[in-house]
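Chain A is the first sequence line, chain B the second, and so forth, proteins listed ahead of strands; every chain is numbered from 1. These values consider heavy atoms only, across backbone and side chains, with no hydrogens, waters or symmetry-generated copies.
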There are 2 protein chains.
Amino acid sequence: MTTIQDVARHADVSTSTVSNVLNGRADRMRPETRQRVEAAIEALQFRPSKLAQQLKTGHTPLLGLLVPSMSNPMYGFIAREVETFAQDRFGLRLLIGSTYRDAAKEAAFFEDMLSHGVRRVIVISSLADERHLERAVERGMSVMSYDRRATLGQKTGVGHVTPDNFEAARLAADHLIAHGHQRLAFVTVSGMTMSRSDKIAGFRAAAEAAGLSKSAAVLDGGTLDEYGDSVIAEVGRATGLQLAADPKRPTGIVALNDLMALGLMAGLREGGLRVPQDVSVVGIDGLFLAALSNPGLTHVQMPIREMAHAMVEAVATDGAAPREQLFSQVRLVERESVAPPPGPKKSPSKARP
Amino acid sequence: MTTIQDVARHADVSTSTVSNVLNGRADRMRPETRQRVEAAIEALQFRPSKLAQQLKTGHTPLLGLLVPSMSNPMYGFIAREVETFAQDRFGLRLLIGSTYRDAAKEAAFFEDMLSHGVRRVIVISSLADERHLERAVERGMSVMSYDRRATLGQKTGVGHVTPDNFEAARLAADHLIAHGHQRLAFVTVSGMTMSRSDKIAGFRAAAEAAGLSKSAAVLDGGTLDEYGDSVIAEVGRATGLQLAADPKRPTGIVALNDLMALGLMAGLREGGLRVPQDVSVVGIDGLFLAALSNPGLTHVQMPIREMAHAMVEAVATDGAAPREQLFSQVRLVERESVAPPPGPKKSPSKARP
DNA sequence: TTGAAAGCGCTAACAA
DNA sequence: TTGTTAGCGCTTTCAA
């Protein structure tokens with residue numbers, strides 16, 4: 001491996017001179033010297049070891065990203081946006097880890113990041129508390145958390161970026177209501193997270209505003225095991241199957257997210273129901289896969305890219321970018337999974353009971 | 001930050017003694033000494049800096065993974081398997097990069113890996129030549145390439161793991177043929193890669209064996225732009241739409257991969273055709289998403305996890321594991337996207353012309 | 001059984 | 001304008 005010493009020798013200068021050209025301090029030397037150094041670098045194909053640079057400076061151009069599972073298309077998309085932006089804009093490479101929603105794995109990731117000298121981490125966690133994140137901050141890390149609001153009135157070193165989950169679910173429920181649905185349901189999985197409760201609140205607010213509180217239910221489809229990605233679709237499918245067998249089922253359903261909505265549609269179909277003729281479904285997220293489903297899934301699009309960029313900016317510019325952000329640009333994308341409710345119902349225009 | 005010096009001072013020993021307990025050489029000291037050191041480590045919450053260790057030893061417990069795009073569910077799945085296995089089995093963390101199928105980005109990734117001291121890299125590349133990989137090997141890297149066979153008779157430092165693409169496509173085409181299809185097509189995108197040509201060969205072999213060569217076509221759906229993941233589904237959809245308008249269209253289609261198959265089905269549907277009543281579709285890959293589509297996508301399942309593990313093993317054990325492997329355990333998973341061809345056709349049992 | 005010391009490749013005072 | 005030098009935190013001879 002070529003070192004800075006080799007270059008110095010080759011160019012007949014000292015290592016500090018080489019270091020100076022490496023670090024943009026070429027003004028401190030004669031142009032001729034600089035050229036000799038550059039020629040030597042080129043000739044020897046010298047690439048400074050980031051390892052050594054890091055050891056010396058304490059900084060490493062690495063960004064840590066912790067997701068529940070990389071194979072979940074949603075997290076995959078976020079990861080891609082984070083990686084591309086971090087690299088193009090700040091020259092940061094991405095160190096990624098899947099936690100499978102396991103606290104021990106999450107803690108181990110932080111330990112490793114620390115010992116690797118990584119001081120910037122973005123976390124998508126569904127863990128109940130944030131204490132391990134706080135501890136990382138105390139140890140000198142800059143950490144941004146996705147999809148969790150800051151706990152009210154609690155000062156923290158951890159920054160937060162989150163979409164407007166309340167509004168997203170409200171929009172989804174409203175869309176169903178506007179089509180005349182009166183028996184509504186929000187389908188989720190076991191375990192309450194901040195974003196889930198925000199969505200539920202949004203869903204309930206829409207129902208209430210339409211005077212439908214009594215016929216709006218929140219359905220818990222079951223537990224997510226460690227692999228939480230294809231699994232969430234499975235939970236959706238099981239729920240769909242169950243719903244199909246229930247004569248008092250809702251006619252309009254808001255799903256926790258797109259993957260669950262896709263599973264739900266599959267389950268409903270397996271149970272002999274048609275979407276949207278028998279049941280309407282709305283997802284939340286904005287996955288491109290929603291455009292491929294049959295029927296195309298109507299969903300609420302979250303500003304994923306913007307949020308990914310905001311998180312990168314926050315950890316990369318330490319302090320210069322806002323660390324608490326709510327992204328409210330959620331919008332409904334209409335496809336074919338929503339229609340008026342079936343049967344002898346009033347028409348949408350006079351749907352109020 | 002706590003250093004080995006702090007620990008040594010706290011335990012009243014030398015740094016070498018601390019280093020010895022850190023590296024499992026506790027036999028070289030009195031149990032009492034060892035205990036003092038361990039107590040100090042615990043008390044100070046000391047975690048050795050991997051940075052410094054790396055600089056000294058030249059090894060870093062990092063694995064590089066280069067994929068075309070992390071947001072492609074297929075690559076996301078591979079990435080997850082690679083990461084989990086590398087971490088659980090070898091304690092390796094994952095440094096990941098998306099290339100968007102761009103040669104410059106790919107080269108830059110290798111440069112960075114090198115300067116970070118990363119010596120193990122797994123690459124999923126669709127670039128035409130492998131010279132940049134060879135160069136990395138020459139510079140001391142251990143690299144495994146996915147989905148590309150070694151070029152025949154060319155000795156190389158780059159290892160290869162690939163599924164049996166020929167067999168996968170053959171299986172898919174055979175399945176269609178067994179259902180009585182006579183007008184077959186393989187739908188792909190522009191640009192030939194090794195795995196694509198293997199699939200095409202397998203498809204053709206099946207057609208030929210059934211005496212259907214003349215009515216088996218290879219369709220190029222168009223170019224993949226830099227974002228090649230949702231895009232491949234778009235290409236599929238466009239192709240489906242086009243096919244729907246063609247009265248001489250094939251009745252049985254093998255898609256390059258599952259994502260393309262999903263897009264194809266959406267396009268066919270948009271064009272007014274029903275799958276499988278009008279056109280049958282078979283995918284290749286084994287994405288869990290295929291189970292959610294409507295109709296459920298029949299596809300050929302590749303042994304992704306096994307291949308991911310094999311690649312990790314090959315780079316992690318340098319030399320101890322085989323570096324050239326073909327995974328032949330491909331199998332057809334039947335769902336609902338295949339049926340006998342429509343119209344006044346012979347029945348499947350006497351389909352041979 | 002333990003410690004002193006050299007050095008991995010680099011940066012950045014400080015000197016010259 | 002250029003060079004000398006002291007580390008960054010660790011591992012590993014070699015000596016005591």
Side-chain angles (χ1 to χ4, degrees), chain A residues 1-38 40-41 44-62 111-119 139-140, chain B residues 1-38 40-41 44-62 111-119 139-140:
Chain A
M1 190 200 179
T2 314
T3 76
I4 200 174
Q5 308 259 20
D6 300 328
V7 177
R9 213 170 307 138
H10 190 104
D12 200 28
V13 295
S14 74
T15 59
S16 38
T17 297
V18 179
S19 173
N20 280 335
V21 348
L22 246 34
N23 294 283
R25 287 182 290 258
D27 50 314
R28 296 197 197 169
M29 68 196 75
R30 291 212 309 270
E32 189 234 275
T33 310
R34 176 212 182 133
Q35 304 218 327
R36 272 219 316 288
V37 173
E38 282 172 343
I41 290 177
L44 270 42
Q45 283 285 312
F46 170 67
R47 297 285 173 278
S49 158
K50 306 237 183 214
L51 240 46
Q53 288 180 321
Q54 289 157 217
L55 184 56
K56 185 64 196 172
T57 62
H59 301 130
T60 158
L62 253 27
E111 283 294 338
D112 265 23
M113 290 304 99
L114 236 12
S115 72
H116 273 288
V118 178
R119 325 187 114 270
R139 300 219 244 162
Chain B
M1 189 201 180
T2 314
T3 75
I4 199 173
Q5 308 260 21
D6 300 327
V7 176
R9 213 170 306 138
H10 189 106
D12 201 28
V13 295
S14 73
T15 59
S16 32
T17 297
V18 179
S19 174
N20 281 335
V21 346
L22 247 33
N23 294 283
R25 286 181 292 257
D27 50 315
R28 295 196 196 171
M29 68 195 74
R30 292 211 308 271
E32 189 234 275
T33 309
R34 177 212 181 132
Q35 303 217 329
R36 272 218 317 288
V37 173
E38 283 172 343
I41 290 178
L44 271 43
Q45 282 285 313
F46 170 67
R47 296 284 173 279
S49 158
K50 306 236 184 214
L51 239 47
Q53 289 180 319
Q54 290 157 216
L55 184 57
K56 187 62 195 172
T57 63
H59 301 130
T60 158
L62 254 26
E111 283 294 339
D112 266 22
M113 289 305 98
L114 237 11
S115 73
H116 273 287
V118 178
R119 324 185 115 270
R139 298 220 245 163

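- At least one donor-acceptor pair under 3.5 Å links the side chain of A/Asp6 to the backbone N or O of A/Thr3.
- When the nucleotides D/dC10, C/dA5, C/dA13 are ranked by their closest atom to the side chain of A/Ser16, C/dA13 comes out on top.
- Side chain of A/Leu55, nearest nucleotide from C/dT1, D/dC8, C/dA5: D/dC8.
- Within the 4.5 Å cutoff, the side chain of B/Ile41 has heavy atoms near those of the B/Val21 side chain.
- Here C/dG7 presents its P atom at 18 Å from CD1 of A/Ile4, a figure rounded to the nearest Å.
- Here the P atom of nucleotide C/dC10 and the CZ atom of A/Arg47 are 12 Å apart, to the nearest Å.
- Taking atom NE2 of B/His116 as the reference point, atom P of C/dG9 lies 17 Å away to the nearest angstrom.
- Taking atom CG of A/Asn20 as the reference point, atom P of C/dT11 lies 9 Å away to the nearest angstrom.
- For the pair B/Thr33 and C/dT2, the criterion of a side-chain N or O lying under 4.0 Å from OP1 or OP2 is met.
- Looking at heavy-atom distances under 4.0 Å, B/Ser49 makes contact with sugar-phosphate atoms alone, never a base.
- The side chain of B/Arg30 approaches C/dT1 more closely than any other nucleotide in the set D/dT2, C/dT1, D/dC8.
- Rounded to whole Å, the distance from CG on B/Asp12 to P on C/dA4 is 11 Å.
- In this model, the phosphate group of D/dG3 is approached by a side-chain N or O of A/Thr17 to a distance below 4.0 Å at OP1 or OP2.
- At least one side-chain nitrogen or oxygen of B/Asn23 sits closer than 4.0 Å to the OP1 or OP2 atom of D/dT11.
- Contact of the B/Val37 side chain with the B/Asn20 side chain is not registered, since no non-hydrogen atoms from C-beta on lie closer than 4.5 Å.
- Of all the heavy atoms in A/Ala8 and A/Thr15, the pair that sits closest is CB-N, 3.8 Å.
- Along DNA chain C, the nucleotide nearest A/Leu51 and the nucleotide nearest B/Thr15 are compared for position; the residue whose nucleotide lies closer to the 5' end is B/Thr15.
- Per the geometry, CZ belonging to B/Phe46 stands 10 Å off P belonging to D/dG9, to the nearest Å.
- Using a 4.5 Å heavy-atom cutoff, the side chains of A/His116 and B/Gln54 are in contact.
- Relative to the axis of its first five pairs, the axis of the last five pairs of the helix from C/dT1-D/dA16 to C/dA16-D/dT1 sits at 50°, rounded to 10 degrees.
- Taking atom CE of B/Met1 as the reference point, atom P of D/dG7 lies 18 Å away to the nearest angstrom.
- A/Asp6 comes within 4.0 angstrom of no nucleic acid atom, judged by non-hydrogen atoms across all strands.
- Side-chain atoms of B/Leu22 lie closest to D/dT11 of the nucleotides D/dG9, C/dT11, D/dT11.
- At the phosphate of C/dC10, neither OP1 nor OP2 sits under 4.0 Å from any side-chain N or O atom of A/Gln53.
- Listed pair A/Ser14 / D/dG3 meets the phosphate criterion, a side-chain N or O lying under 4.0 Å from OP1 or OP2.
- Residue-to-nucleotide contacts include a donor-acceptor pair under 3.5 Å from the side chain of A/Lys56 to the base of D/dG7.
- Where A/Ala52 and B/Arg28 meet DNA chain D, the nucleotide closest to each residue was compared, and A/Ala52 sits on the side nearer the 5' end.
- Exactly one residue among B/Arg36, B/Arg34, B/Gln35 makes a side-chain hydrogen bond (donor to acceptor under 3.5 Å, both in side chains) with B/Glu32. That residue is B/Arg36.
- Atom OG1 in B/Thr57 sits 10.5 Å away from atom NZ in B/Lys50 (nearest 0.5 Å).
- Contacts of A/Arg25 with the nucleic acid, taken as non-hydrogen atoms under 4.0 Å apart, involve only primed sugar atoms and P, OP1 or OP2.
- At a threshold of 4.0 Å, the pair B/Glu111-B/Arg139 counts as salt-bridged, since one of the basic side-chain nitrogens sits closer than that to a carboxylate oxygen.
- If you take CZ of A/Arg9 and P of C/dC10, they are 12 Å apart, rounded to a whole angstrom.
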